[in-house]
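Taking it in order: structure first as structure tokens, then the write-up.
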Amino acid sequence: MGDPVRRDRVHARVRQKYLERATPATRRRITRERRSDEVEHRSSHRPGLPGTLNRYVDPQVPCQRSQGSHLDMPLEEGYSTHVPQAALPRAAFSGRRAARRTGHLLDERTNMSATRVRFAPSPTGYLHLGGARTALFNWLLARGAGGKYVLRIEDTDRERSTDEFLQAILEDHRWLGLVWDEGPEVGGDAGPYFQSERTGTYGPLLEKMLEEGKAYRCYCSPEELEERRSAAAEGGREWRYDRRCLSLGDDERAALEAEGRPSVIRFRVPDGKTRFDDMVLGPVEVDHAELDDLVLARSDGSPTYNFVVVVDDLSMGVTHVVRGSDHTSNTPKQILIAKALGGTPPTFGHLPLVLGPDKQVLSKRRGALAVGEYRRQGYLPEAVVNYIALLGWSYDGESEFFALDELIERFDLSRVSGKAAAFDPEKLLWMNAQWLKRLPVPERTDRMLPFLRRAGLVGEQLSDEERARLEAIVELVDDRAKTLADIVEQAGYFLSDDIEYEEKAVNKVLTKPGVITIIDGLYTRLTEVQGFEPGAIEGLIRSFAEEQELGVGKVVQPIRVAVTGGTASPGMFETLSLLGRETVLERLTRARKIATERQGADS
RNA sequence: GGCGCCAUCGUCUAGCGGUUAGGACGCCGGCCUCUCAAGCCGGUAACACGGGUUCGAUCCCCGUUGGCGCUACCA
């Protein structure tokens, strides 16, 4: 790919040019120094480098077809689902809303079971909400159409791809419940599923395009191009590759080759217009005059992204491509390349980007939270899935709880908004609490077990009694928790004697006059009471409060602080009962000591 | 700069020519109550702007503004 340093320098200059004639907004964006691969959901990534060592070669899955072109096979089959644009009625092209109305047309296509959909993450970072949403929508499209969902790992950036990221992506993906039909670990007929293992496919196809005149060699160096680009910019003209090398005669070409000039392979963009019916955006039309003769292969022979994706999607029989809207502008190019290869382009759907609460595009660099992070914080996959499904999609604007299987039934790409959506952590949290509440107690208990273990509050093995007690705790604590981690926090004083007395609680409650009398009075009664059921305890406390001529609250609150260390807890009668007499008495004693010390110090 | 996409409460959204512009999160208030929650009830808050078209525009068209994307031998 030439000298990377030189290339960067050239690109820096190009960027500078943009900057000079940019609008303020554009300038801000450029100055933010965006790294394209960090933008939200790039569903596809770097092109393969021939000879790249395969980092993720799975010994279980020999790479069946990494050499030579096998494009013909899948190309001829599995594409019957594509409806040529011309076949769509005129009405389909009268705007986004019209596209919605004609949604059934898309359905017809997607229902033809040969639907194959892919999600193509690159293991250069964790899966974040934006990427997860792209994956979810793809999965939903496949499941809804009874088709296949394939996972393709775009791991050709050897510098930044790591096995750790790969594993994390697979794990998070699985955690969300998005089972893939083909891909890493499960294999499939259209493999390999690691792009780094597919590099052999591209060369022969490039040769073929060259022979057919659909592509040509270009000997212009980056410097020369940059010069002409600058000249155009200064003259206020827009720049597009001038096709200087397209008209090269055979002898000229031979001379340049003899000179040893490096060359890239450019796609020869045909005249005309490309129109495609985007499953989300509706009809999109682009005049080829707007398109550059883009580079398909660099001077070192490595294919570029736009070529690789097309080839991979075609050879894997992908029928529908759903990806971030940052790829919208690439789509016409990819359609043209697909056609030049003799293939039928997939149907496209471009999702608006997901923004952070600050309205900035979600990116790894900007610290977008990984799906795994939510898992660790005690979010439920059901809640995360439900929430991201609602980012840009709605069923009727009223219903908002959807499980995966309900989503399969209801999801419809044509109801996805074309507008970027900012994600709201507050609402995600709320949604998580809702799902948590709906979980039956035994299951809620199961789910929080790992959290309790990590906190060292329960052992690996639970006796039946421990288990029963745990469920009772979970049930008692329920409405106060928004995440599994919350439950752990709130269950702490039930499971450990090592409770911490909050300074504020102690000052506010235990230092009040009369507290010692209350503690002593209840200590005696709790020692004597028959049984330790909530009902008995309630009766005891109420009658004590009456005797003392105090409100129940005045009596309960000191006890609460005494046994939990804080001022907030589930109902006190149930809490005391579950804690057990011994623990309660012990903690009352402890609290009395604290109260005595503090009161002594105060007076 | 060129091209493309987008524009309803702070946020996620419903709306598809006639609505008191609906729902949800958040926020505020009330009820409940042994605390904190939860729950229930109520409130707050929006059609970016300007032109058309029309008897009538949130809705259709054009423009402006703004946001985002693409415009690389990046993906």
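Lettering follows sequence order; numbering is per chain, from 1. Everything numeric here is computed off the predicted structure, so don't read it as measured data.
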(request) Could you check N306(A) against R240(A) and say which one's nearest nucleotide on RNA chain B is further toward the 5' end? (result) R240(A)
(request) Using heavy atoms to find the nearest nucleotide of RNA chain B for K359(A) and A297(A) separately, return the residue whose nucleotide is more 5′. (result) K359(A)
(request) Report the nucleotide, chosen from C34(B), A7(B), G4(B), that has the shortest atom-to-atom distance to any side-chain atom of K419(A). (result) A7(B)
(request) Determine the Euclidean distance between corresponding C1' atoms of G22(B) and G15(B); express it in Å to zero decimal places. (result) 8 Å
(request) Starting from P on A21(B), measure out to CD on E398(A) and report it in whole angstrom. (result) 16 Å
(request) Determine the contact category for G392(A): base if any of its heavy atoms lies under 4.0 Å from a base atom, sugar-phosphate if only primed atoms, P, OP1 or OP2 are that close, otherwise nothing. (result) sugar-phosphate
(request) Check each residue of residues 534-552 of chain A for a non-hydrogen atom within less than 4.0 Å of any atom in RNA chain B, then write out the ones that pass by number, or none. (result) R542(A), V552(A)
(message) Does the Lys NZ or Arg CZ of R261(A) fall within the cation-pi geometry relative to Y219(A) - under 6.0 Å from the ring centre and within 45° of the axis?
(response) no
(message) Just to be sure I understand the rule, does P262(A) reach a base, reach only the sugar-phosphate, or reach nothing, if contact means heavy atoms closer than 4.0 Å?
(response) nothing
(request) Begin with the C-alpha distance, continue with both residues' side-chain angles, and end with the deciding distance and a verdict on side-chain hydrogen bond (donor to acceptor under 3.5 Å, both in side chains) for T304(A) and N306(A). (result) CA-CA 6 Å; T304(A) 57; N306(A) 275 308; 5.9 Å; no
(request) Give a yes/no on whether any side-chain N or O of S394(A) is located under 4.0 angstrom from OP1 or OP2 of A14(B). (result) yes
(request) Look at the side chain of V361(A) and decide which nucleotide, out of U11(B), C36(B), C68(B), has an atom nearest to it. (result) C68(B)
(message) Would you compute the distance between atom CD of E223(A) and atom CZ of R228(A) and round it to the nearest 0.5 angstrom?
(response) 11.5 Å
(message) From the set C68(B), A38(B), U13(B), return the single nucleotide nearest to any side-chain atom of L353(A).
(response) C68(B)
(request) Determine the Euclidean distance between corresponding C1' atoms of A45(B) and G23(B); express it in Å to zero decimal places. (result) 14 Å
(request) Please tell me which of the listed nucleotides, U35(B), C73(B), G4(B), lies nearest to the side chain of A568(A)? (result) U35(B)
(request) May I ask you to check whether over 12 heavy atoms, not counting those of D271(A), lie within 6.0 Å of atom CG? (result) no
(request) Give the intermediate values and the outcome of side-chain hydrogen bond (donor to acceptor under 3.5 Å, both in side chains) for residues S230(A) and E234(A). (result) CA-CA 6 Å; S230(A) 314; E234(A) 274 153 35; 5.4 Å; no
(message) I need the CH2-C1' distance between W393(A) and A14(B), as an integer number of Å.
(response) 13 Å
(request) Answer yes or no: is there a donor N or O on one side and an acceptor on the other, between the side chain of D155(A) and the main chain of S196(A), under 3.5 Å? (result) yes
(request) Answer yes or no on whether R410(A) is positioned over the face of F402(A), meaning its NZ or CZ is under 6.0 Å from the six-membered ring centre and within 45° of the axis. (result) no
(request) For the residue pair Y241(A) and W239(A), categorise the inter-ring angle as parallel (less than 30°), tilted (30 to 60°) or perpendicular (more than 60°). (result) perpendicular
(request) Could you check which of C73(B), U35(B), G26(B) has an atom nearest any side-chain atom of L225(A)? (result) C73(B)
(message) Measuring only the C1' atom in each nucleotide, how far is C16(B) from G30(B)? A whole number of Å is fine.
(response) 38 Å
(message) Of the listed nucleotides (A38(B), U11(B), G26(B)), which one gets closest to any side-chain atom of E426(A)?
(response) G26(B)
(message) Looking at C27(B), which nucleotide sits across from it as a Watson-Crick or G-U wobble partner, both distances under 3.5 angstrom, or is there none?
(response) G43(B)
(message) As a test of reading the structure: which of G22(B), C12(B), A38(B) is closest to the side chain of A421(A), going by heavy atoms?
(response) C12(B)
(message) Please report the distance separating the C1' of C28(B) from the corresponding atom of C9(B), rounded so that it comes out in whole Å.
(response) 15 Å
(message) Under a 3.5 Å cut-off for both contacts, is U64(B) paired Watson-Crick or G-U wobble with anything, and if yes, with which nucleotide?
(response) A48(B)
(message) Rounding to an integer number of angstrom, what distance separates C3(B) and C73(B) when you compare their C1' atoms?
(response) 23 Å
(message) Measuring to OP1 and OP2 of A72(B), would you say a side-chain N or O of R229(A) lies under 4.0 angstrom away?
(response) yes
(message) Is it true that, when you exclude E546(A) itself, more than 12 heavy atoms of the residues, nucleotides or ligands shown sit nearer than 6.0 Å to its CD?
(response) no
(request) Starting from P on A24(B), measure out to CG on N386(A) and report it in whole angstrom. (result) 15 Å
(request) Would you mind classifying the nucleic acid contact of S399(A) as base, sugar-phosphate or nothing, using non-hydrogen atoms under 4.0 angstrom? (result) nothing
(message) Tell me which nucleotide, if any, is Watson-Crick or G-U wobble paired with A72(B) when both distances must be under 3.5 Å.
(response) none
(request) Determine the contact category for F423(A): base if any of its heavy atoms lies under 4.0 Å from a base atom, sugar-phosphate if only primed atoms, P, OP1 or OP2 are that close, otherwise nothing. (result) nothing
(message) Quick check: any donor-acceptor pair below 3.5 Å linking the side-chain of S299(A) to the base of C73(B)?
(response) yes
(request) Measure from CD on E285(A) to P on G4(B) and round the result to the nearest Å. (result) 9 Å
(message) How many whole angstroms separate atom CD of Q490(A) from atom P of C36(B)?
(response) 14 Å
(request) Among the candidates U35(B), C3(B), C73(B), find the nucleotide nearest to the side-chain atoms of V264(A). (result) C73(B)
(message) Just to be sure I understand the geometry, which residues of residues 427-439 of chain A put a non-hydrogen atom under 4.0 Å away from RNA chain B?
(response) K427(A), W430(A), Q434(A), K437(A)
(request) Round to the nearest Å and state the distance from N330(A) atom CG to C5(B) atom P. (result) 15 Å
(message) Under 4.0 Å, heavy atoms only, any strand: does G553(A) hit a base, just the sugar-phosphate, or nothing?
(response) sugar-phosphate
(message) Does A38(B) have its OP1 or OP2 closer than 4.0 Å to a side-chain nitrogen or oxygen of K482(A)?
(response) yes
(message) Taking G18(B) as the reference, what is the distance to U54(B) when you measure between their C1' atoms (whole Å, please)?
(response) 12 Å
(message) Ring of Y493(A), cation from R587(A) - is the NZ or CZ under 6.0 Å from the centre and inside 45° of the axis?
(response) no
(message) Using the P atom as the point on both nucleotides, what is the distance between C49(B) and A72(B), in whole Å?
(response) 36 Å
(message) Suppose you measure atom P in C47(B) against the same atom in G10(B); what distance do you get, rounded to whole Å?
(response) 8 Å
(message) Does the plane of the ring in Y374(A) sit parallel, tilted or perpendicular to the ring in F423(A)? Use 30° and 60° as the thresholds.
(response) perpendicular
(message) How about CD on E574(A), more than 12 heavy atoms from neighbouring residues, nucleotides or ligands closer than 6.0 Å, or not?
(response) yes
(message) Check this for me: does any side-chain nitrogen of one of D157(A) and R160(A) sit under 4.0 Å from a carboxylate oxygen of the other?
(response) yes
(request) Could you check E290(A) against R240(A) for salt bridge (Lys or Arg N to Asp or Glu O under 4.0 Å), going step by step and ending with a plain yes or no? (result) CA-CA 8 Å; E290(A) 301 297 333; R240(A) 214 160 278 131; 3.6 Å; yes
(request) Could you check how far CG of D424(A) sits from P of G26(B), rounded to whole Å? (result) 9 Å
(message) What is the distance, to the nearest angstrom, from the CD atom on E290(A) to the P atom on G2(B)?
(response) 11 Å
(message) Can you identify which nucleotide, out of A72(B), C73(B), U35(B), has its nearest atom closest to the D292(A) side chain?
(response) A72(B)
(request) Respond yes when some side-chain nitrogen or oxygen of R415(A) is under 4.0 Å from OP1 or OP2 of G15(B), and no when none is. (result) yes
(request) When you get a sec, tell me which of G2(B), C73(B), C34(B) is the closest nucleotide to the side chain of V556(A)? (result) C34(B)
